[in-house]
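Note that these values count all heavy atoms, side chains included, but never hydrogens, waters or copies made by symmetry.
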Amino acid sequence: GNAQLVTAAFEALPKGYGRHLEMKLLMRSWAAFDPQAALAYANEKLDAKSERRFAVAEALAEWATRNPQLAFQWAKDNHDGKTEDNPLLAGVIKGLAEKDVDAASQMFFQLPEGNARWQASHHLIRKLGEKGPDSLIAWAEKIPKDEGAFRGALLGQLGSAIAKQDPARAAEWAASNDLGDARQRVVNTVLSHWIGKDASSAAEWSAAIENPADRRFAMTQMANYWGVRDPVATAEWLNRFPASRDMDPVVGAFVSRISGRDPQGAVNWALSIVDQKSKDAALRKALTAWRRVDKTAAEQWRATNAPHLQ
């Protein structure tokens, strides 16, 4: 009947983004009134390598918005059972999150470690983000401390989601919460978003971090990101800080970023590095770049100022 006509029209579509969108519409609309038929079609007719997984996930998501218990049971019954990691459950959580994000969160934390859990986290965090930063921050508090590396990965995702909406709020959250081993991941993510919106504020924040190791890391990332976008402003910022071993990695990162466009300037910055080994490494990088544009001048400078560098 109508299903055959619709599927025939879909199957006639060429590969590409348009077909992908039509598949989502097909699976969602079909699963709204006959989810098992939609899932049977996806499993029997669609290519396992390219389309089947996506189609099944969308059908399960739609089913879960209407009857999450039945969708969950189908996902369990149709898992191959080779491992506890059940990729079908990611689709269920995606749909459940569209209707009841708290219930989806409870189901999420019951999943075993694996790819399904990672996929489901993206769906869940996206829906939480629609409610704003407060919702994301509140959910972060629910992540068990014993989740280890997975907790760090989740906090990194959350940091990115918060920073996309409000980088300053993300920075405040990162500074005032026990993020454990995930702190650097979160700080890096926050800065990568903040620099595009308000680099000066991001720079001020990174330099004001109390913990020396965290401050050094944040300022180094700042030099990496800002040094590409606006090397002049970055240089002005760095000039505010006296040379020190604590600043060496920050300056080293800046040298790496500007060597290609201003190798002679990079050499001058490398000279301000205090630790001799780090200074030599930065000078070598800058001199290599300088030789590409003016080998004679670069060699003359090296022979006069750093003859130990070969």
Side-chain angles (χ1 to χ4, degrees), residues 1-131 135-136 139 150 153-154 157-158 161:
N2 287 338
Q4 290 180 324
L5 291 174
V6 173
T7 55
F10 165 73
E11 289 166 7
L13 293 172
K15 300 285 186 183
Y17 185 64
R19 180 182 170 98
H20 189 78
L21 289 178
E22 289 298 324
M23 184 201 307
K24 179 176 181 178
L25 291 172
L26 172 62
M27 288 295 105
R28 284 282 183 154
S29 58
W30 198 350
F33 65 88
D34 193 348
Q36 297 207 41
L39 288 162
Y41 170 80
N43 278 316
E44 294 169 10
K45 299 293 186 180
L46 298 182
D47 179 61
K49 293 183 179 180
S50 60
E51 296 181 332
R52 183 183 302 166
R53 182 181 299 179
F54 175 80
V56 167
E58 289 301 325
L60 280 171
E62 183 63 32
W63 197 1
T65 65
R66 301 165 188 279
N67 195 323
Q69 291 80 15
L70 287 179
F72 179 79
Q73 192 59 50
W74 188 95
K76 287 186 67 177
D77 292 344
N78 287 272
H79 176 45
D80 60 23
K82 293 178 181 178
T83 67
E84 289 187 347
D85 183 20
N86 184 349
L88 299 173
L89 291 176
V92 176
I93 289 176
K94 177 182 182 180
L96 183 55
E98 294 171 9
K99 292 294 185 180
D100 187 344
V101 73
D102 291 331
S105 180
Q106 290 178 0
M107 183 182 290
F108 170 78
F109 283 118
Q110 293 172 6
L111 294 180
E113 290 186 19
N115 191 48
R117 204 178 195 202
W118 180 244
Q119 290 179 31
S121 71
H122 292 290
H123 301 316
L124 196 52
I125 288 173
R126 184 167 60 250
K127 295 307 294 184
L128 288 162
E130 292 175 3
K131 297 184 176 183
S135 178
L136 293 162
W139 193 73
F150 188 66
L154 288 177
Q157 278 195 74
L158 288 165

Query raised in the report: What distance separates L39 CG from M27 CE, expressed to the nearest 0.5 Å?
Result: 8.0 Å

Could you list the donor-acceptor pairs under 3.5 angstrom formed between side-chain atoms of residues 88-102 and any protein atom two or more places apart in sequence or on another chain?
residue, atom, partner, partner atom, Å
K94, NZ, E58, OE2, 2.4
E98, OE1, R28, NH1, 3.1
E98, OE2, R28, NH2, 2.8
D100, OD1, D102, N, 3.3
D100, OD1, A103, N, 3.1

Query raised in the report: Would a 4.5 Å heavy-atom cut-off, applied to side chains only, mark L124 and S105 as touching?
Result: yes

Report summary line: One should read off an interatomic distance between L70 CG and D77 CG, to the nearest 0.5 angstrom, of 10.5 Å

Report task. Of all the heavy-atom pairs spanning I125 and A161, show the shortest one and how long it is. Result -> CG2-CB, 4.0 Å

Query raised in the report: Atom CZ of F72 and atom CE of M107: how far apart are they, to the nearest 0.5 Å?
Result: 5.5 Å

Report task. For K127, enumerate each residue passing the salt bridge (Lys or Arg N to Asp or Glu O under 4.0 Å) test, keeping only those at least two apart in sequence or located in another chain. Result -> E130

Report task. Specify the closest pair of heavy atoms between D47 and S50, including all atoms of both residues, with the distance to one decimal. Result -> OD2-OG, 2.9 Å

Report task. Report the residues that fulfil side chain to side chain contact (heavy atoms under 4.5 Å, CB included) with A40, sequence neighbours left out, ordered by chain and then residue number. Result -> E44

Query raised in the report: What side-chain hydrogen bond (donor to acceptor under 3.5 Å, both in side chains) pairs are there with at least one residue in residues 10-20, not counting sequence neighbours?
Result: E11-Y41, R19-E51

Requested in this report: Find out whether F54 and K24 are in side-chain contact, i.e. whether some heavy atom of one side chain is under 4.5 Å from a heavy atom of the other.
Outcome: yes

Report summary line: Taken in chain and number order and not counting sequence neighbours, the residues that satisfy side-chain hydrogen bond (donor to acceptor under 3.5 Å, both in side chains) with Q119 are none

**Report entry** Separation between CZ of F150 and CG of L111, rounded to the nearest 0.5 Å
**Finding:** 8.5 Å

Query raised in the report: Just by modelled atom types, is the L46 backbone N or O under 3.5 Å from a matching donor or acceptor in the R52 side chain?
Result: yes

Requested in this report: State, yes or no, whether a side-chain contact exists between F33 and E62 at a heavy-atom distance under 4.5 Å.
Outcome: no

Requested in this report: Determine, stepwise, if the pair M23 / L26 fulfils side-chain contact (heavy atoms from CB on, under 4.5 Å).
Outcome: CA-CA 5 Å; M23 184 201 307; L26 172 62; 5.5 Å; no

Query raised in the report: Taking the six-membered ring where the residue is Trp, are the ring centres of F109 and W139 under 6.0 Å apart?
Result: yes

Requested in this report: Work out which heavy atom in A116 is nearest to a heavy atom in P87; give both atom names and the distance.
Outcome: CB-CA, 3.7 Å

Query raised in the report: So, for F108 and A120, which heavy atoms are closest and what is the spacing to 0.1 Å?
Result: CD1-CB, 3.9 Å

Report summary line: Separation between CG (D80) and CG (N86), nearest 0.5 Å, reads 8.0 Å

Query - Interatomic spacing from CG in D34 to OG in S29 - rounded to 0.5 Å - result: 11.5 Å

Query - Minimum heavy-atom distance between A71 and L60, given as atom pair plus value - result: O-CD2, 3.9 Å

Query raised in the report: Tell me the salt bridge (Lys or Arg N to Asp or Glu O under 4.0 Å) pairs involving residues 111-126, sequence neighbours left out?
Result: R117-E147

Report task. Flag yes if more than 12 heavy atoms outside Q73 fall under 6.0 Å of its CD atom; otherwise flag no. Result -> yes

Requested in this report: Would you please test Q36 and W63 for side-chain contact (heavy atoms from CB on, under 4.5 Å) and show each step?
Outcome: CA-CA 9 Å; Q36 297 207 41; W63 197 1; 3.8 Å; yes

